Engineer: 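For reference, the structure I am asking about is given below.
The shown structure was predicted, so the numbers you read here are calculated from the model rather than taken from an experiment.
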Amino acid sequence: MAGVDRRTVLKGVGGAAALGLSGVALKYGFNTPDREQDPATCSTKDMSADDKRLVFSNWPEYIDEDDKDYVSTKTQFEKDTGIKVSYTADVNDNNEFFAKVSNQLGSCSSSKRDLFALTDWMAARMIQVGWIQKLDASKVPNLHANILDSLKSPDWDPKREYSAPWQSGLTGIAYNKAKVGEIKSFEELLTRKDLRGRISLLTEMRDTMAFLLLINGADPEKFDGTQWQNAIDLLKKARSDGQVRSFTGNSYVQDLAAGNIVACEAWSGDIANAGDENLVWIPPEEGIIIWADNMLVPNLATHQGNAEKWIDYYYQPEVAAKLADYNSYICPVKGAQEAMEKVNPDNVENELIFPTSETLDKTHRFMALDEATMRTYEGDFADVTGA
């Protein structure tokens with residue numbers, strides 16, 4: 001939730017597993033050689049054995065929380081390991097988070113974090129420039145034993161040496177049924193007069209533009225410059241017509257619940273986890289975008305061993321099921337569906353957590369982009385969104 005976007009690629013991630021990092025460089029390069037690092041030398045002593053702490057940055061609404069009758073997975077991890085976790089939901093957008101840490105990581109300075117979660121395309125970029133430490137496979141056996149086959153070998157980390165999916169999910173449409181009638185397609189979102197000025201779209205270029213391409217009959221996984229321009233023109237028209245109120249990261253949920261917007265482009269788990277029966281998430285008629293967010297240990301992390309214990313813990317099926325029951329994102333762990341029988345039988349067949357092959361057949365990912373094209377397309381998108 002490869003050269004694809006937040007929240008992209010459960011389907012088809014194994015296509016180029018033979019590529020090493022040199023292959024990744026061709027597809028995901030930063031074009032900033034002065035900021036490249038060697039993770040083998042841009043490292044520090046691991047203090048995990050003597051300092052039982054872990055600093056983790058993640059996306060909002062992404063982890064279960066303690067209640068009077070409920071012990072969260074985080075609290076149970078702390079009890080089991082003695083490791084105190086400083087968990088901060090300060091990843092609202094991949095590019096925004098990149099801006100927070102790029103000066104430090106690009107100069108081999110500490111980001112003051114031991115772990116963070118980023119979407120496939122950004123994870124690939126950070127690995128390629130050497131900002132991420134390699135995981136010790138012997139310390140994360142559950143990861144390699146239990147990761148879903150469809151997530152096991154992305155072309156940017158074919159052996160999962162640097163990354164571990166936290167969760168995956170779907171991008172579609174959400175609307176407030178107390179404020180507006182049923183919406184079935186992304187095209188409706190952009191054209192219905194009763195929605196004018198009352199919708200939001202995502203700041204994640206690949207998520208949003210994938211739908212614009214689909215509306216025009218183009219394939220987000222294989223399109224040309226003319227098809228891209230047609231999609232951008234469609235977005236420009238929606239913006240100039242006053243259809244779009246704003247472009248947002250995760251903050252759309254509050255606006256949707258409050259009625260500031262009545263419909264939006266949305267990530268599946270955010271709506272399922274909002275606790276508001278008036279908020280409805282639907283797969284648009286055009287198709288669905290699918291993605292994964294990945295845990296990464298940055299250079300100069302001082303508690304890598306503790307981070308690896310965290311990763312290994314969350315790849316236990318029982319823990320994964322408990323987490324998925326809370327946040328309703330696609331669970332990346334084999335055996336979690338069976339474990340869900342004890343956690344919450346009502347969620348065993350929940351397609352937002354355990355999608356069927358029929359649902360996955362409707363999903364799309366965004367075409368891998370070379371550096372020059374990526375910069376052009378992101379510039380085109382920013383010109384419309386005002387980013």
Side-chain angles (χ1 to χ4, degrees), residues 1 6-7 53-92 113-119 140 142-143 146-148 151 164-170 174 249-251 253-254 257 266-277 279 281 291-295 306-355:
M1 262 106 312
R6 185 189 196 197
R7 289 173 126 166
R53 292 186 295 129
L54 173 65
V55 180
F56 182 23
S57 286
N58 206 349
W59 298 77
E61 306 294 338
Y62 229 8
I63 195 169
D64 53 327
E65 299 177 354
D66 293 320
D67 204 345
K68 60 180 181 179
D69 298 318
Y70 179 82
V71 178
S72 69
T73 55
K74 170 180 170 291
T75 295
Q76 192 61 55
F77 172 81
E78 292 176 325
K79 289 181 177 180
D80 291 348
T81 63
I83 297 169
K84 179 64 176 177
V85 181
S86 176
Y87 182 98
T88 306
D90 61 346
V91 185
N92 189 57
R113 296 168 174 86
D114 301 302
L115 196 66
F116 47 65
L118 297 174
T119 311
V140 287
N142 288 329
L143 166 65
N146 297 332
I147 188 171
L148 290 179
L151 288 170
W166 172 252
Q167 302 281 267
S168 295
L170 306 169
N250 276 85
S251 58
V253 177
Q254 292 82 3
W267 294 309
S268 55
D270 285 352
I271 303 304
N273 198 37
D276 188 332
E277 63 180 12
L279 306 189
W281 185 91
W291 44 262
D293 290 326
N294 304 271
M295 292 179 280
N306 293 340
E308 289 164 339
K309 286 183 179 179
W310 174 272
I311 291 169
D312 203 55
Y313 169 79
Y314 277 93
Y315 269 79
Q316 297 176 79
E318 298 78 11
V319 176
K322 191 174 177 181
L323 175 64
D325 181 59
Y326 171 84
N327 65 26
S328 296
Y329 280 104
I330 295 173
C331 182
V333 180
K334 289 180 182 177
Q337 189 166 18
E338 293 78 7
M340 188 66 80
E341 290 279 3
K342 292 183 179 179
V343 174
N344 182 359
D346 291 341
N347 266 338
V348 172
E349 303 299 329
N350 185 339
E351 279 215 62
L352 295 180
I353 300 174
F354 308 111

Engineer: Quick check for you: to the nearest 0.5 Å, what is the distance between Asn294 atom CG and Ser168 atom OG?
Structural biologist: 7.5 Å
Engineer: Any chance you could measure Leu323, atom CG, to Cys331, atom SG, to the nearest 0.5 Å?
Structural biologist: 7.5 Å
Engineer: Between Asp64 and Ser72, which heavy-atom pair has the shortest distance, and what is it?
Structural biologist: OD2-CA, 3.4 Å
Engineer: Using every non-hydrogen atom in the two residues, find where Ala117 and Val91 come nearest and quote the distance to one decimal.
Structural biologist: O-CG1, 3.9 Å
Engineer: Just by distance, no angles: are the side chains of Gln167 and Asn327 close enough, under 3.5 Å, to form a donor-acceptor pair?
Structural biologist: yes
Engineer: Measuring from atom CZ of Phe77 to atom CD of Gln316, what distance do you get when rounded to the nearest 0.5 angstrom?
Structural biologist: 10.0 Å
Engineer: Applying side chain to side chain contact (heavy atoms under 4.5 Å, CB included) to Lys309 and Ile83, what does each step give before you reach the verdict?
Structural biologist: CA-CA 9 Å; Lys309 286 183 179 179; Ile83 297 169; 3.8 Å; yes
Engineer: Would you say the side-chain atoms of Tyr62 and Asp293 include a donor-acceptor pair closer than 3.5 Å?
Structural biologist: yes
Engineer: Rounded to the nearest 0.5 Å, what separates atom CE in Met295 from atom CD1 in Ile311?
Structural biologist: 5.0 Å
Engineer: Grab the two heavy atoms, one from Ser251 and one from Asn92, that are nearest each other, plus how far apart they are.
Structural biologist: N-OD1, 4.0 Å
Engineer: Between Lys74 and Tyr314, which heavy-atom pair has the shortest distance, and what is it?
Structural biologist: N-OH, 3.3 Å
Engineer: With salt bridge (charged side-chain N to carboxylate O under 4.0 Å, His left out) as the test, would you mind laying out the steps for Arg113 and Asp90 before giving the verdict?
Structural biologist: CA-CA 12 Å; Arg113 296 168 174 86; Asp90 61 346; 3.0 Å; yes
Engineer: At what distance, to the nearest 0.5 angstrom, does CG of Asn146 lie from OH of Tyr315?
Structural biologist: 9.0 Å
Engineer: Dump the intermediate steps for side chain to side chain contact (heavy atoms under 4.5 Å, CB included) on Thr73 and Tyr326, then the final yes or no.
Structural biologist: CA-CA 10 Å; Thr73 55; Tyr326 171 84; over 6 Å; no
Engineer: Looking only at non-hydrogen atoms, find the nearest pair between Asn306 and Arg53 and report the distance.
Structural biologist: ND2-O, 2.7 Å
Engineer: Report yes or no: do Asn58 and Tyr87 form a side-chain donor-acceptor pair below 3.5 Å?
Structural biologist: yes
Engineer: Do Phe116 and Val55 have side-chain heavy atoms sitting under 4.5 Å apart?
Structural biologist: no
Engineer: Counting N and O atoms only, with roles assigned by atom type, does the side chain of Asp67 sit under 3.5 Å from a partner on the main chain of Asp69, one being a donor and the other an acceptor?
Structural biologist: no
Engineer: For the side chain of Glu78 and the backbone of Val85, is there at least one donor-acceptor N/O pair under 3.5 Å apart?
Structural biologist: yes
Engineer: Does the side chain of Leu170 come within less than 4.5 Å of Ile330's, by heavy atoms?
Structural biologist: yes
Engineer: Under the salt bridge (charged side-chain N to carboxylate O under 4.0 Å, His left out) rule, what pairs show up with a residue in residues 312-335, not counting sequence neighbours?
Structural biologist: Asp149-Lys334
Engineer: Just by distance, no angles: are the side chains of Asn142 and Tyr313 close enough, under 3.5 Å, to form a donor-acceptor pair?
Structural biologist: no
Engineer: Let me see the working for Thr119 and Trp59 under side chain to side chain contact (heavy atoms under 4.5 Å, CB included), right down to the final yes or no.
Structural biologist: CA-CA 10 Å; Thr119 311; Trp59 298 77; 3.7 Å; yes
Engineer: Under 3.5 Å, is there a donor-acceptor pair linking the side chains of Tyr329 and Asn273?
Structural biologist: no
Engineer: Can you find a side-chain donor-acceptor pair between Asp66 and Thr75 that sits under 3.5 Å?
Structural biologist: yes
Engineer: Looking at every non-hydrogen atom in both residues, tell me the closest pair between Val348 and Phe354 and how far apart they are.
Structural biologist: O-CD1, 3.4 Å
Engineer: Once you measure the plane-to-plane angle for Trp166 and Trp310, does it fall in the parallel (<30°), tilted (30-60°) or perpendicular (>60°) bin?
Structural biologist: parallel
Engineer: Rounded to the nearest 0.5 Å, what separates atom CG in Asp114 from atom CG in Leu54?
Structural biologist: 5.5 Å
Engineer: Do Trp267 side-chain atoms and Gly169 backbone N/O form a donor-acceptor pair below 3.5 Å?
Structural biologist: no
